[in-house]
**Student:** 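One structure coming up, written as structure tokens, with questions to follow.
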Amino acid sequence: MNPDDVLAVPAHVVARRIGNETVLLDLESGTYFGLDPVGARIFELIGEGRSIAAIGRALLAEYEIGEDVLMMDVERLVAELRANGLVTLR
Amino acid sequence: MVPYRLDPARAQAPVGGAPYHEWTAPDGSPWAAFHRAEEGFLLRFPGFADFLVSEDGRLATCIPVPGADPAAYHHLYLNQARPLMLARQGKLVFHASVVELDRGAVGFLAASGRGKSTLAAAFAAGGARFLADDGMVLEEAAAGFRVLPGDPSLRLREDSRRALALSGVDLAGGPVLARKERLPAQARLAHCGQPRPLVAAFVLGQGGCEEIRIRRLSGVQAFAEWVGHAFILDVDDAPWLAAHFDAVSRLSAAVPCHALDYPRRFADLGRLRGAVAELVAAHVRPRDEAHEPG
């Protein structure tokens, strides 16, 4: 994964915030997904068109966590979202 | 007046093509098959009846199999076809029983056999009123979500009926389906025939515990439970699914939802009623206080 990668949310994926979490629905497959607060924030930043690196910088400012651990979490979630077709590479 | 058209009985001929959706019983046997039809949808309950449902979910035709008991296919209409039809019409419909507490409605979401009817009957036998047995129908309004009253009857197993001291209660008659008998609303089982605001929901666990356990669910957890217990007629209708997704998201944010598990002992139902009522009162009280004039 390239830090400059920018992702997009396809039109067939809809998302709604519930409190500090997010639920997603892939309208093509009819599959639902849930994101915890950190995942929800990452998804929100993806929706704003931020690169992987920019997402990491934003979260570092918001969470007290080491950069290496944070970036591993970000990349793992992004990989999972891509594997399920919930985000795509622009 | 029967709320569906009844055609002459005929054998269930093979349907061209595989069903687009299926329900299976806990033992894995086919319970219902959903097919697309020229009129809209064909809901097949093997060995009992077919229901032809219009595309908009407003009209149904029942075609029973020869020899089918009328009470059996009427039960299938009430508990399966009608909820699917109401969902198609845009209502939110869930596998749940509902009782009235603190001037609001409390829903108990559960798969078949988990005890939601017994729980509703326990509240009713304790003086509360029930709104619905096997299907909770919600309408969304500016003030929130409200539950529409369902059929004024409860389906209970014989042991539940005896344990709740409802043996003297009249039965609605008809055959026993899935070892349950239908009890109409009456003095000992009062029915609330008016809509009530939904104030809380509980998702029933399997009962493998020794004590009553109640845990508040997060928004995502609640959403998953609402969707998992929802009646959905056309799982491939993207616009419908998107609208349903939006509504259930709002529901998950608006209504407190809890996981509830308890040992399935009739002797504990009184305590369980008390625990649920206390929690519901705690939800209702802040809402009431927020609306009191200062």
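No hydrogens, no waters, no symmetry mates; every other heavy atom, side chains included, goes into these values. Please read these numbers as outputs of a predicted model, since none were measured by experiment. Numbers restart at 1 for each chain; the letters A, B, ... are given by sequence-line order, proteins then strands.
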**Student:** With a cut-off of 6.0 Å (strictly less than), are more than 12 heavy atoms of other residues, nucleotides or ligands near CD of A:E48?
**Tutor:**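 Yes, the 6.0 Å shell around CD holds more than 12 heavy atoms from other groups.
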**Student:** Are more than 12 heavy atoms, taken from residues, nucleotides or ligands other than B:R88, located less than 6.0 Å from that residue's CZ atom?
**Tutor:**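 Atom CZ in B:R88 is packed in, count exceeds 12.
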**Student:** Quick check on A:E67: does its CD atom have over 12 non-hydrogen neighbours (other residues, nucleotides or ligands) under 6.0 Å away?
**Tutor:**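 Result for CD/A:E67: open.
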**Student:** Who wins among B:A242, B:S249, B:A254 for the most heavy-atom pairs under 4.5 Å with chain A?
**Tutor:**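 The answer is B:S249.
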**Student:** Just distance, no hydrogens or angles: give the donor-acceptor pairs under 3.5 Å from side chains in residues 76-90 of chain A, sequence neighbours left out.
**Tutor:**
unit_1 : atom_1 : unit_2 : atom_2 : d
A:R76  : NH2    : A:D73  : OD1    : 2.5
A:N84  : ND2    : A:E80  : O      : 2.9

**Student:** Can you name the closest pair of heavy atoms from B:V227 and A:Y32 and give their distance?
**Tutor:**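 Closest pair (atom of B:V227, atom of A:Y32, distance): CG1-CE1, 3.6 Å.
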**Student:** Atom CG of A:L25 and atom CG of B:D246: how far apart are they, to the nearest 0.5 Å?
**Tutor:**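 It is 9.5 Å, given to the nearest 0.5 Å.
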**Student:** Give, as side chain, backbone, both or neither, the part of A:S29 having an atom under 4.5 angstrom from any heavy atom of chain B.
**Tutor:**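 It is neither, since no heavy atom gets under 4.5 Å.
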**Student:** Considering only heavy atoms and a distance below 4.5 Å, find which of A:T22, A:V23, A:V14 pairs most often with chain B.
**Tutor:**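 Greatest number of close heavy-atom pairs with chain B: A:V23.
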**Student:** Quick check on the interface: out of B:A238, B:P239, B:A224, who has the most heavy-atom pairs with chain A under 4.5 Å?
**Tutor:**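 So the answer, after comparing B:A238, B:P239, B:A224, is B:A238.
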**Student:** If you round to the nearest 0.5 Å, how far is CH2 of B:W240 from CG of A:L27?
**Tutor:**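 Taking CG in A:L27 and CH2 in B:W240, the distance rounds to 12.0 Å.
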**Student:** Calculate, to the nearest 0.5 Å, the distance between atoms CG and CD belonging to A:D36 and B:Q221 respectively.
**Tutor:**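 Rounded to the nearest 0.5 Å, the CG-CD separation comes to 11.0 Å.
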**Student:** Do other residues, nucleotides or ligands put more than 12 heavy atoms under 6.0 Å from B:Q206 CD?
**Tutor:**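 Not buried by this count: 12 neighbours or fewer within 6.0 Å.
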**Student:** Which atom names give the shortest non-hydrogen contact between B:V220 and A:E21, and what distance separates them?
**Tutor:**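 Scanning both residues, the minimum pair turns out to be N-OE1, 2.9 Å.
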